[in-house]
Every structure is written in structure tokens, then in C-alpha cells.
A.B. asks: 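Structure below; questions to follow.
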Amino acid sequence: MKQKIEELILQAVETLKAEGFPGLEIIPHITIERTREAQHGDFASNLALMLAKPAKVNPRQLAEKIIAALPRHEAVMKVEMAGPGFINFFINPNSQYQVIKKIHDEGREFGLSTIGAGKKVQVEFVSANPTGPLHVGHGRGAAYGSVVADLLQAVGFDVHREYYVNDAGRQMDILAASIWLRYLEECGEVVHFPSNGYRGDYVREIAWDIHKSVGNEYRRPIALVLEDIPADEPQGGDKEAHIDALIDRTKTLLGPPLYRDFFQIGLDNILEDIKADLREFGVDYQQWFSERQLMDDGSVEKALERLRAGGYLYEQDGATWFASSRIGDEKDRVVVRENSQYTYFASDIAYHMNKLDRGFDRIIDIWGADHHGYVPRVRAAIEALGADKSKLTVLLVQFAALYRGEEKVQMSTRSGEFVTLRQLRNEVGKDAARFFYVMRRSEQHMDFDLKLATSKSNENPVFYVQYAYARICSVLRQLDEKGWERNLLLGMENLSQLTEEHEIALLGTLARYPEVLERAALQYEPHQLIHYLRDLAHEFHTYYNAHQFLVEDAGIRNARLNLVCAVKQVLANGLGLLNINSPEAM
RNA sequence: GCGCCCGUAGCUCAGCUGGAUAGAGCGCAGCCCUCCGGAGGCUGAGGUCAGAGGUUCGAAUCCUCUCGGGCGCGCCA
């Protein structure tokens, strides 16, 4: 419809141009908007306002001219000039009814489109370090990322969802050492647990499992473990030096193969937990990409070689630097440390090279907002690798501050004091959790009130939308109980009897759905879909209160049922995209 | 200090990329089933869109400055 109007306007402008009307050489992008108020019709164009200046005419006069030049179209009932020079289009209701047939015919496909044209898009999200279970902070990225991916798929992109597993590096070493120390405790050693170790209960559980299967085989006297280890912070030392020394000691005392086992058991354990957690949260991946693999198969070295060939690497202070400040970063970055270890950034460069080599048209990284300082250097890396840096989109998700009522919940992964995503799901359920996370614009700081989300009452917005769906199902059950059958054809023949204000409004909202999907997908803004669904549910509830559907007149009854079933279908489609259930009864 | 995000109703937030009288939910006041599910609907009160300049037919939206909040600024990941 929007497109048709656009074409009509374009034709009108061409006509005026042919008549020698001045100032129409440059036609701005024609924007057709849905109006906010019914008295302004269904669609509006501000073209006359935009053109008034170059054409040096009064915008109201220009609008009149354009309207006069508009070709006739059966779907357009009336065109009006209004306000400072808006052109308002009133759509013929008969053409509005078509949407009900369309929704019925297309069913679950209604709203999907092909504007993505099968372009390959990779979406990487969550990618939390596998050093512990996911917490509620990761939940937002998980919900947001999965919905963005699903939306892109819905509008025709070929979407590849990926989780980057940081299974190399110091954090993992700290985890391995933490597990071993807890294991020693199981063996009966008295351990002063390092302040910088992972203190969560899950570490004890892993240690407990190991002890159960191998007994005291890996036990070493604690005195030997602590020999010459610099003091921890509470004892007046440096916690980083303390933990690093403990990691080295763990490696020496266990020996490489055994150390590897502890490391691997911890990794496998936690990664399995994360995978299961996300699956239960309705988040699926095509690929779990290992950082360690990049290290092992020489990809990092290859990536650095490519940078070196481009003249972007140099040596200084014993380290190797990437001259990222030459291409947008605020300073240069180390890629190989003085101790000849790669930095995390080095493997990330390799990872992005790998993404580029796999031929994605678009690469989307979804990160926590605290990583924003990292964006320019990754962009620089892509440019230095010789790729088009516009291929990369980084979406930053702001933190969700957690509250229990008024009280803010403090969180720290190391100390183990945090609410896990699993706990949240158990408390509020998958549907409410997903809905809440995605309800707000991603760049918006969000307060997640556990108390509110836990309350299974009317305060909880997800129920409002689900209730609309359940209500429609209930109406259909009532139909059956009253001994009536739905007559689809009769309903379609009587659509023109849907003349109530609420019915016309619903038609417009239903017709909007494909546009909402498209916008939400292309702008990576799932919250637009949520708001739409709330609008739709609200209009349905209003309609429900104002009019009886199951009336004696079979024509009107079936027409209304067709409308209501169209609402049901769109609610199900929208909720489905959000991976939220559409319950037939609540 | 520099950079990124943000500031809209008592609270939590939308606001369709510059449009018409700034909108929802919760909370508050009042009302609506002999009727398809009251987890609903309707009405009302509540706003200097943080503040000040600027751009123009038109600004919550764009630019500059100020104030306030969050987050970054490692040879950590």
C-alpha cells in the first residue's frame, strides 16, 4: 500500500515537471508515513513541505497541485491537503479487508519477507568466558542476540548464529587452578582460597566430581603448593601476582598432561552447562567457535602475517604492536607480548579474519556496552586485513541492573555472588524473562526488577499479550459449545460488514505487521515488535469489550471470527519470533 | 582529563531517523459484565521532553555549550 502511494506521488510529480513546474529537479526521498490520528487519514506525505523551498512556492499550494495531478487508484478513497501542507491519503476500506484474506492464506508466513535477499549474515552473541554459569547480565545479550538473528532470518537473510568460546588465556588458567585448589580441599588439605580465584559453588561441584572419580590421586601437600608463593592481597600482597604464581605452581606440580585434564574437565563441564542453559532459554547456535583452535591451527600467526605484509606491525619494548592508531583507533595495541604470548586481541583479529574468509556479507558482533572501547581496534583490524570495514556492525547492549524491589543486587563473577540466568528462568519462566529483556531498546540502561518479573500478576506485560491470544482461543471454544461452526467463506463474503471503529483500527494494525517486522529487523530493534504486539493486544481487548463476536447473524459472526482469527495468527507469529509461547489457555 | 551510551508523567519506558494536540504500562481517583475469560475495558488527574543558545516553514529528535547519571580508557579477557 505504502509503495503504491509512493508510485502515485512520483507520477504526480513527473506530471507537474512535464508541465514545466519549477523547482522539482531534485526530488528528495519520498517518505510515506502511517498517520497517528484517524482524522489525518491512513497515510501521509510531507513531500510538499520538503519541496516548497526549492520550488519557491507556498507548500499548501504545491500540495494542492500535487493532489490535482495524482492519478486515480481504486484503493485510495480520498486525498486531502491538511495543516501546513501535508497530503493525507484515506484508504478505501474494501481494500483494507484484503489483509484478512492475506493473513489467512499466508498463515505462519505472514509478515516474512525477502528483502534480505539471502545475504549471509553472521551474528555472534553472548560469547561469555566459560569460567562459570551464565548470569542475568548475559541474559540480555542472549535474548537480544537471538531475537535479532531470528528477525533477520524472518526478512530473508541467511543467518549464522555463533558463540565464540574463549577457551584459551589466563581466565581459564585461573579456573583450572581454582578447581585444583577446591579438589585439594576435598582431599582434606586446608587451603586459603585465593581472593582472585573463582569462588562459586560450581567450582566445588566440579572438584567434588573429580575427587569422587579419582580419589586422592592428584593430591599434593598444601605446603608444597604454597612454597615461595607471594602473599595474597588480604595478607598485604598483590592478588594478581599471587594467582599467577599459583597457576604456575599448579602446572609444575601436576605436570602438563594432568594440568590439561583439570583445565579440560572444567571447560567441558561449564560449556555443557552454558549450552544447556541457552537451549532452555530458547537460544540456539549453528556454531560454537573455539579460540584455542585459532591458536593451535596457526590462524593467529597467519592473521598477524597478513597485518605485517600490510606494514601494520612493528616491534617495540620487546613486544609486537599493531599500528591501529593509523586507522581510527586512539592508540596502538600489543598483539604479541614481551613473553611471546599472543594477546586476546591477537586471536580476535584472527577470529575476524576467519569470519571474513567464510564469506559473510555482514558480520554482527553483539557485546556488552563495557566493551565499547574495543570497537575501533577491531574495525581497524578489519581494515588492515584489507576488508571492507562496513561489513562489521557492532551492537552494544547496555547492562541490566538487577533489583529486588528497591534494593539493587550486587554481582561479581569471581566472588560467586550473582544471580544465574537459570535461577532467573526458574523464577519468572522463559517467556517473561525473554520478554523483559527485549522490551527495552538495547542501548538503554535497564532496570530488571526481579520482584516485578516474578509476580505472576497483571503487572507483568507478557501476560497481557498472551492473554489476548488465549482469549481468542476461548472464543473459538465457546463457538463450539454453542453448537456453531465457523464458516470461513461466509465470513470472507461478509467482511464489508466490519464497519465498527474498532474493526477498522484492527485492520490497519494488522496490515502494519510486515512493516514493523522489517523495521525491527533492519534496525536491530526487537523492542519495536514487542510494542507492536502490545498495541495489537490492546486493540483486541478493546474490541472484545465493545462488541460481541458470537452473534446470531451468521454473516457478521463469521466476518468477526475471521478478523479475530487474523489477530490470533499475527499474535502467534510475533510471539513465535520472540520465541515466546502462545498459550491456548492460561 | 579524553571517549562511548543516556537524561521524556510519581516510577519503568515508547516516540516510526525533522512533522500535525508528546504517548503506553505500573501507581493514583472514579466507572463498566444477567453478555464470548474482569489476567480485560472506559474516563480523569499528572509534562518547562535536564538547562541554555543555534539551524528552519517546523526540534523531544540535528549542531554547540553547561549540568547530572552509567560505562570504558592494560603487554587482562
Side-chain angles (χ1 to χ4, degrees), chain A residues 31 33-37 39-40 44 46 49-50 52-53 58-60 82-86 88 128-129 131 166 168-172 174 240 291 316-321 330-331 333-345 347-348 368-376 396 398-399 401 439-449 452 456-461 463-464 466-468 470-479 481-482 512 515-516 519-520 523 525 527-528 530-532 534-535 537-538 540-551 557 560-561 564 585-586:
Chain A
T31 55
E33 294 186 316
R34 283 187 182 273
T35 55
R36 222 173 288 170
E37 309 227 4
Q39 56 166 330
H40 296 141
N46 62 355
L49 291 163
M50 308 277 288
K53 195 158 197 190
N58 182 317
R60 289 175 62 93
F86 289 104
N88 291 338
N129 285 344
T131 53
N166 299 129
R170 183 163 170 264
Q171 300 305 321
M172 290 305 297
I174 294 176
E240 304 292 349
E291 178 189 7
Q316 189 181 308
D317 303 330
T320 306
W321 296 70
E330 55 184 48
K331 55 178 164 180
R333 310 290 173 178
V334 171
V335 286
V336 187
R337 288 194 278 262
E338 205 175 351
N339 64 8
S340 76
Q341 296 267 336
Y342 294 125
T343 60
Y344 171 81
F345 181 43
S347 51
D348 218 11
D370 54 334
H371 286 71
H372 69 253
Y374 201 75
V375 178
L396 299 172
Q398 290 288 345
F399 282 137
M439 189 164 56
R440 306 300 181 209
R441 235 169 69 236
S442 59
E443 315 92 80
Q444 184 73 250
H445 293 268
M446 183 179 115
D447 290 340
F448 198 127
D449 187 347
L452 183 78
K456 296 218 164 140
S457 73
N458 41 358
E459 292 171 342
N460 212 327
F463 290 124
Y464 184 79
Q466 289 183 322
Y467 180 48
R471 230 177 186 181
I472 295 170
C473 295
S474 174
V475 168
L476 295 174
R477 285 191 295 269
Q478 280 295 318
L479 178 78
E481 280 172 32
K482 292 193 179 195
R512 230 174 73 209
E515 295 161 29
V516 171
R519 278 183 58 88
Q523 301 184 1
E525 291 188 347
H527 74 273
Q528 292 192 25
I530 296 255
H531 283 276
Y532 170 82
R534 285 182 61 138
D535 283 351
H538 176 248
F540 168 74
H541 286 308
T542 303
Y543 179 39
Y544 178 94
N545 272 273
H547 299 284
Q548 185 91 13
F549 308 151
L550 302 181
V551 293
R557 183 173 72 233
R560 287 186 173 168
L561 283 172
V564 159
M586 303 174 66

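FYI, side chains are in, hydrogens and waters are out, and symmetry mates aren't considered; it's all heavy atoms of this structure. Just so it is clear: chains get the letters A, B, ... in the order the sequence lines come, proteins before strands, and each one is counted from 1.
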A.B. asks: In the strands shown, is B/A39 matched to any nucleotide by a Watson-Crick or G-U wobble pair with both distances under 3.5 Å, and which?
C.D. replies: none
A.B. asks: Contact class for A/M172 (heavy atom, under 4.0 Å): base, sugar-phosphate, or nothing?
C.D. replies: nothing
A.B. asks: In whole angstrom, give the distance that lies between atom CD of A/Q398 and atom P of B/G72.
C.D. replies: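 In whole Å, B/G72 P and A/Q398 CD are 11 Å from each other.
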A.B. asks: Just name whichever nucleotide pairs with B/G47, Watson-Crick or G-U, keeping both distances under 3.5 Å, else none.
C.D. replies: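 Per the H-bond distance test, none.
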A.B. asks: Partner of B/G25 by Watson-Crick or G-U wobble geometry, both contacts under 3.5 Å, or none?
C.D. replies: B/C11
A.B. asks: Between A/Y464 and B/G41, does any side-chain N or O lie under 4.0 Å from OP1 or OP2?
C.D. replies: yes
A.B. asks: Does the structure show a Watson-Crick or G-U wobble partner for B/A60, both distances under 3.5 Å? Name it, or say none.
C.D. replies: none
A.B. asks: Would you mind reading off the distance between A/Y467 atom OH and B/C36 atom C1', rounded to a whole angstrom?
C.D. replies: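 Computing the A/Y467:OH to B/C36:C1' distance gives 11 Å.
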A.B. asks: Could you tell me the separation between the CZ atom of A/R560 and the CD atom of A/Q548, rounded to the nearest 0.5 Å?
C.D. replies: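 A/R560 CZ to A/Q548 CD: 9.0 Å, rounded to 0.5 Å.
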A.B. asks: Find the partner of B/C16: check Watson-Crick (N1-N3 plus N6-O4 or O6-N4) and G-U wobble (N1-O2, O6-N3) distances, both under 3.5 Å, and reply none if neither fits.
C.D. replies: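 The base-pairing partner of B/C16, which may sit in any strand shown, does not exist here.
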A.B. asks: When you check the phosphate oxygens OP1 and OP2 of B/C42, does a side-chain N or O of A/T542 lie under 4.0 Å from one of them?
C.D. replies: yes
A.B. asks: Counting heavy atoms from C-beta on, name the nucleotide in B/G37, B/U12, B/G41 closest to the side chain of A/H541.
C.D. replies: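 So the nucleotide nearest the side chain must be B/G41.
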A.B. asks: Once you round it to whole Å, what is the distance between P of B/G37 and CD of A/Q466?
C.D. replies: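 It works out to 18 Å between those atoms.
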A.B. asks: Looking at B/C5, B/A77, B/A39, which one has an atom nearest to any side-chain atom of A/Q171?
C.D. replies: B/A77
A.B. asks: On RNA chain B, nearest-nucleotide positions of A/N545 versus A/N88: which is more 5'?
C.D. replies: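 Closest to the 5' end, via its nearest nucleotide, is A/N88.
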A.B. asks: For B/A77, does either OP1 or OP2 sit under 4.0 Å from a side-chain N or O belonging to A/R337?
C.D. replies: yes
A.B. asks: Go through the steps to decide whether A/T131 and A/Q171 satisfy the test side-chain hydrogen bond (donor to acceptor under 3.5 Å, both in side chains), and finish with yes or no.
C.D. replies: CA-CA 7 Å; A/T131 53; A/Q171 300 305 321; 5.9 Å; no
A.B. asks: Quick one: is A/K331 getting a side-chain N or O under 4.0 Å of the B/C2 phosphate, OP1 or OP2?
C.D. replies: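 For B/C2, neither OP1 nor OP2 has a side-chain N or O of A/K331 closer than 4.0 Å.
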A.B. asks: State whether A/R441 places a side-chain N or O below 4.0 Å from either non-bridging phosphate oxygen (OP1 or OP2) of B/C13.
C.D. replies: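 Answer is no, no contact under 4.0 Å.
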A.B. asks: Give me the distance, rounded to whole Å, that separates B/C57 from B/G18 when you measure between the C1' atoms they each carry.
C.D. replies: 12 Å
A.B. asks: Which of parallel (below 30°), tilted (30 to 60°) and perpendicular (above 60°) describes A/Y374 and A/Y344?
C.D. replies: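 Ring orientation of A/Y374 relative to A/Y344: tilted.
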A.B. asks: Rounded to whole Å, please give me the gap between CZ in A/R170 and P in B/G74.
C.D. replies: 16 Å
A.B. asks: Check this one for me: any side-chain N or O of A/Q316 less than 4.0 Å away from OP1 or OP2 of B/C75?
C.D. replies: no
A.B. asks: Picking from B/G70, B/C13, B/C36, which would you name as closest to the side chain of A/L550?
C.D. replies: B/C36
A.B. asks: Taking the minimum atom-to-atom distance to the side chain of A/H372, which one of B/C5, B/G3, B/A14 wins?
C.D. replies: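 From the listed options, B/G3 comes nearest.
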A.B. asks: Just how far, in rounded Å, is C1' of B/G72 from CG of A/D370?
C.D. replies: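 Going from CG in A/D370 over to C1' in B/G72 covers 8 Å.
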A.B. asks: Between B/C75, B/G15, B/G37, which nucleotide has the shortest distance from any of its atoms to the side chain of A/E525?
C.D. replies: B/G15
A.B. asks: Send over the distance from A/Y544 OH to B/G41 C1', rounded to a whole Å.
C.D. replies: 11 Å
A.B. asks: Both A/G318 and A/A44 contact RNA chain B. Which one's nearest nucleotide lies toward the 5' end?
C.D. replies: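 It is A/A44 whose nearest nucleotide is closer to the 5' end.
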A.B. asks: In terms of relative ring orientation, are A/H531 and A/H527 parallel, tilted or perpendicular, with 30° and 60° separating the classes?
C.D. replies: perpendicular
A.B. asks: What's the gap between B/C32 and B/G37 when it is taken at their C1' atoms, as a whole Å value?
C.D. replies: 16 Å
A.B. asks: Working to the nearest 0.5 Å, report the span between CZ of A/R441 and CD of A/Q528.
C.D. replies: 10.0 Å
A.B. asks: What are the two closest non-hydrogen atoms of A/L550 and A/V475, and how far apart are they?
C.D. replies: CD1-O, 3.9 Å
A.B. asks: The side chain of A/H40 is closest to which nucleotide in this list: B/G38, B/C5, B/A20?
C.D. replies: B/A20
A.B. asks: Paired with B/G3 by Watson-Crick or G-U wobble geometry, both distances under 3.5 Å: which nucleotide is it?
C.D. replies: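 Paired with B/C71.
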A.B. asks: Could you tell me whether A/H371 contacts a base, only the sugar-phosphate backbone, or nothing, with contacts defined as non-hydrogen atoms closer than 4.0 Å?
C.D. replies: base
A.B. asks: Is any side-chain nitrogen or oxygen of A/R333 closer than 4.0 Å to OP1 or OP2 of B/G74?
C.D. replies: no
A.B. asks: Does any nucleotide pair with B/C76 by Watson-Crick or G-U wobble geometry, both distances under 3.5 Å, and what is it?
C.D. replies: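 Its partner is none (no Watson-Crick or G-U wobble pair with both distances under 3.5 Å).
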A.B. asks: So, taking the atom named CG in A/L49 and the one named CZ in A/R60, what distance separates them when rounded to the nearest 0.5 Å?
C.D. replies: 10.5 Å
A.B. asks: Starting the side chain at C-beta, find the nucleotide from B/A24, B/C36, B/G19 nearest to A/P84.
C.D. replies: B/G19
A.B. asks: Given that both distances must come in under 3.5 Å, which nucleotide forms a Watson-Crick or G-U wobble pair with B/U55?
C.D. replies: none
A.B. asks: Does A/Q478 have a side-chain nitrogen or oxygen under 4.0 Å from the phosphate oxygens OP1 or OP2 of B/G37?
C.D. replies: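 Yes, within the criterion.
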A.B. asks: The side chain of A/A319 lies closest to which of these nucleotides: B/G19, B/C5, B/C75?
C.D. replies: B/C75
A.B. asks: Evaluate the side-chain proximity of A/F540 to A/R471: yes if any heavy-atom separation is below 4.5 Å, no if none is.
C.D. replies: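 Side-chain contact under 4.5 Å: yes.
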A.B. asks: Using atom CE of A/M439 as one end and atom C1' of B/U12 as the other, report the distance to the nearest whole Å.
C.D. replies: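 Distance check: A/M439 CE to B/U12 C1' gives 8 Å.
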A.B. asks: Taking only the side-chain heavy atoms of A/E33 (C-beta and beyond), determine which of B/A77, B/G19, B/A39 contains the nearest atom.
C.D. replies: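 Looking only at side-chain atoms, A/E33 lies closest to B/G19.
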A.B. asks: Has A/R557 got a side-chain N or O lying under 4.0 Å from the OP1 or OP2 atom of B/C36?
C.D. replies: no
A.B. asks: Is any side-chain nitrogen or oxygen of A/H538 closer than 4.0 Å to OP1 or OP2 of B/C42?
C.D. replies: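 True: A/H538 side-chain N/O within range (under 4.0 Å) of B/C42 OP1/OP2.
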A.B. asks: Between A/R519 (CZ) and B/G15 (P), how many Å, whole number?
C.D. replies: 9 Å
A.B. asks: A/H538 vs A/Y464 aromatic rings, parallel, tilted or perpendicular, using cut-offs 30° and 60°?
C.D. replies: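 Judged by the thresholds at 30° and 60°, the geometry between A/H538 and A/Y464 is parallel.
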